[in-house]
Amino acid sequence: MKITKAVIPAAGLGTRVLPATKAMPKEMLTIVDKPAIQYIVEEAVASGITDICIILSRGKGVVEDHFDASPELEQKLEASGKTEVLETVRAISKLANITYVRQPAPLGLGHAVNCAKSFVGKDPFAVLYGDDVIMGDYPCCKQLVDQYEKYGLGCVCMKEVPFEQVTRYSSLKVDHLENNVYKVTDMVEKPATPELAFSNFSILGRCVLPGEIFDILADLPRGAGGEYQLTDAMKILATTQGMIGVDFVGTRYDMGNKLGIMQASVETALKHPEIGEGFRAYLKELAKSL
Ligand code: UTP
């Protein structure tokens, strides 16, 4: 079955990036000239997604404004002959059919995804975490969609993290299938000690799930940190029917922490057609004094 729907949870508080995120959602923090969430929506669209549900919370209406048409701005740009930027602005509101659902309280990723239940219905769908920007020629979400189409099982993006850090992420029990593709048979969210981890493969930023996940989420107890953890729901899928893990190709930037935000900005600026050259020269000069 073709996957055309995606959910982007973007309702978290972003406490690790305060004070920037006091009034501005972390998903709207810019990487050179686009907010993080636009890179994520573009990745979804490049993966064949046509319908997107963004999960928001109080104070995050600016996300809706960003993907909406902006008649006054467009008229002004048209009148002043700024056609290139006008096209850029117009294209944003035509990227996909985007709907918004509010998560009433930040009760965790599992709870956020469950808020999209009526949007998704019974179809398989992709989840792209709103603060994980993944760049690369082969869109990360497409890597999962392709494996879902091949194996017919829920899929997660994964990467190896340093063993001592696995307690901050999730840990996957995996068997190698082919190339960068693994069978996932169990998982644990934030293992209390590294010894309790299955491996140092952690889920990062993306998954594709069957509609049955909502039956699991409906009965899910609170997990690590008192939150409804999506990993706990996926664990049930992994242990009953198995899931697929894709050691994805691409560069991931964690927009939920300050270092990740700076890495995304610097590396994207270096490749940017307009400012890349100037920024490289500046950085080289600056590096001499470091
Ligand atoms: P995080 O756990 O990284 O986001 O969730 P957070 O809770 O905002 O982070 P900190 O710890 O306070 O800094 C990953 C993604 O899931 C969304 C977040 O907005 C982020 O894009 N999320 C998280 C929700 O939509 N709802 C939640 O209840 C939790």
Side-chain angles (χ1 to χ4, degrees), residues 7-43 54-57 59-60 62-63 66 103 106-113 127-136 140-141 156-172 187-194 197 200-207 223-231 247-272 279 283 286 290:
V7 175
I8 304 181
L13 295 176
T15 53
R16 284 166 296 153
V17 203
L18 282 168
T21 47
K22 187 165 174 246
M24 172 63 72
K26 66 177 162 182
E27 296 80 8
M28 284 299 290
L29 295 174
T30 49
I31 305 177
V32 184
D33 52 7
K34 282 195 274 189
I37 197 164
Q38 189 182 331
Y39 289 89
I40 296 170
V41 167
E42 287 173 349
E43 178 198 322
I54 303 181
I55 312 297
L56 296 176
S57 51
K60 296 214 178 191
V62 65
V63 175
H66 183 72
Q103 185 186 19
L107 299 176
L109 202 53
H111 184 265
V113 169
V127 180
L128 297 92
Y129 302 7
D131 59 351
D132 258 320
V133 173
I134 303 181
M135 298 195 193
C140 193
C141 178
V156 291
C157 268
M158 60 182 206
K159 273 277 166 226
E160 285 183 276
V161 301
F163 251 111
E164 62 280 9
Q165 285 181 20
V166 83
T167 52
R168 285 197 252 148
Y169 297 89
S170 55
S171 168
L172 301 176
M187 60 180 76
V188 55
E189 178 67 22
K190 296 190 178 64
T193 63
N200 62 333
F201 273 116
S202 288
I203 302 170
L204 294 179
R206 310 278 180 267
C207 51
E227 295 188 346
Y228 295 97
Q229 298 288 352
L230 186 61
T231 309
D247 188 356
F248 66 94
V249 284
T251 310
R252 168 183 176 262
Y253 301 108
D254 180 1
M255 296 297 288
N257 80 66
K258 293 167 199 169
L259 188 59
I261 294 168
M262 288 315 300
Q263 286 163 339
S265 298
V266 169
E267 292 179 25
T268 306
L270 284 169
K271 290 186 213 140
H272 195 278
F279 185 65
L283 212 55
L286 182 72
L290 297 179

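Since the structure is predicted, the reported quantities are computational estimates derived from the model, not experimental observations. Just so it is clear, the values below take in all heavy atoms, side chains as well, and ignore hydrogens, waters and symmetry mates.
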Non-hydrogen side-chain atoms of [X] and [Y] separated by less than 4.5 Å:
X	Y	result
D254	R16	yes
Y253	E267	yes
M255	I31	yes
V188	T231	no
F279	V266	yes
P194	T167	yes
K34	E42	yes
K159	D247	yes

Quick one: closest heavy-atom pair of [X] and [Y], and the distance?
X	Y	result
E43	I134	OE1-O, 3.5 Å
I40	Y129	CD1-O, 3.5 Å
K26	G256	CD-CA, 4.0 Å
L18	K22	CD2-N, 3.7 Å
A224	Q229	O-NE2, 2.8 Å
V32	A269	CG2-N, 3.6 Å

Test log, rule side chain to side chain contact (heavy atoms under 4.5 Å, CB included), inputs V161 and R168: CA-CA 10 Å; V161 301; R168 285 197 252 148; over 6 Å; no

Rounded to the nearest 0.5 Å, how far apart are [atom1] of [X] and [atom2] of [Y]?
X	Y	atom1	atom2	result
S202	E160	OG	CD	9.5 Å
L270	L283	CG	CG	5.5 Å
E27	H66	CD	NE2	12.5 Å
I8	L128	CD1	CG	5.5 Å
S171	E189	OG	CD	10.5 Å
L204	R206	CG	CZ	10.0 Å

Given side chain to side chain contact (heavy atoms under 4.5 Å, CB included), test L172 with I203 step by step and report yes or no. CA-CA 8 Å; L172 301 176; I203 302 170; 3.7 Å; yes

Steps toward side chain to side chain contact (heavy atoms under 4.5 Å, CB included) verdict (D132, R252): CA-CA 7 Å; D132 258 320; R252 168 183 176 262; 2.6 Å; yes

Is the backbone of I55 close enough, under 3.5 Å, to the side chain of K60 for a donor and an acceptor to pair up by distance?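 Not confirmed, K60 side chain does not pair with I55 backbone.
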
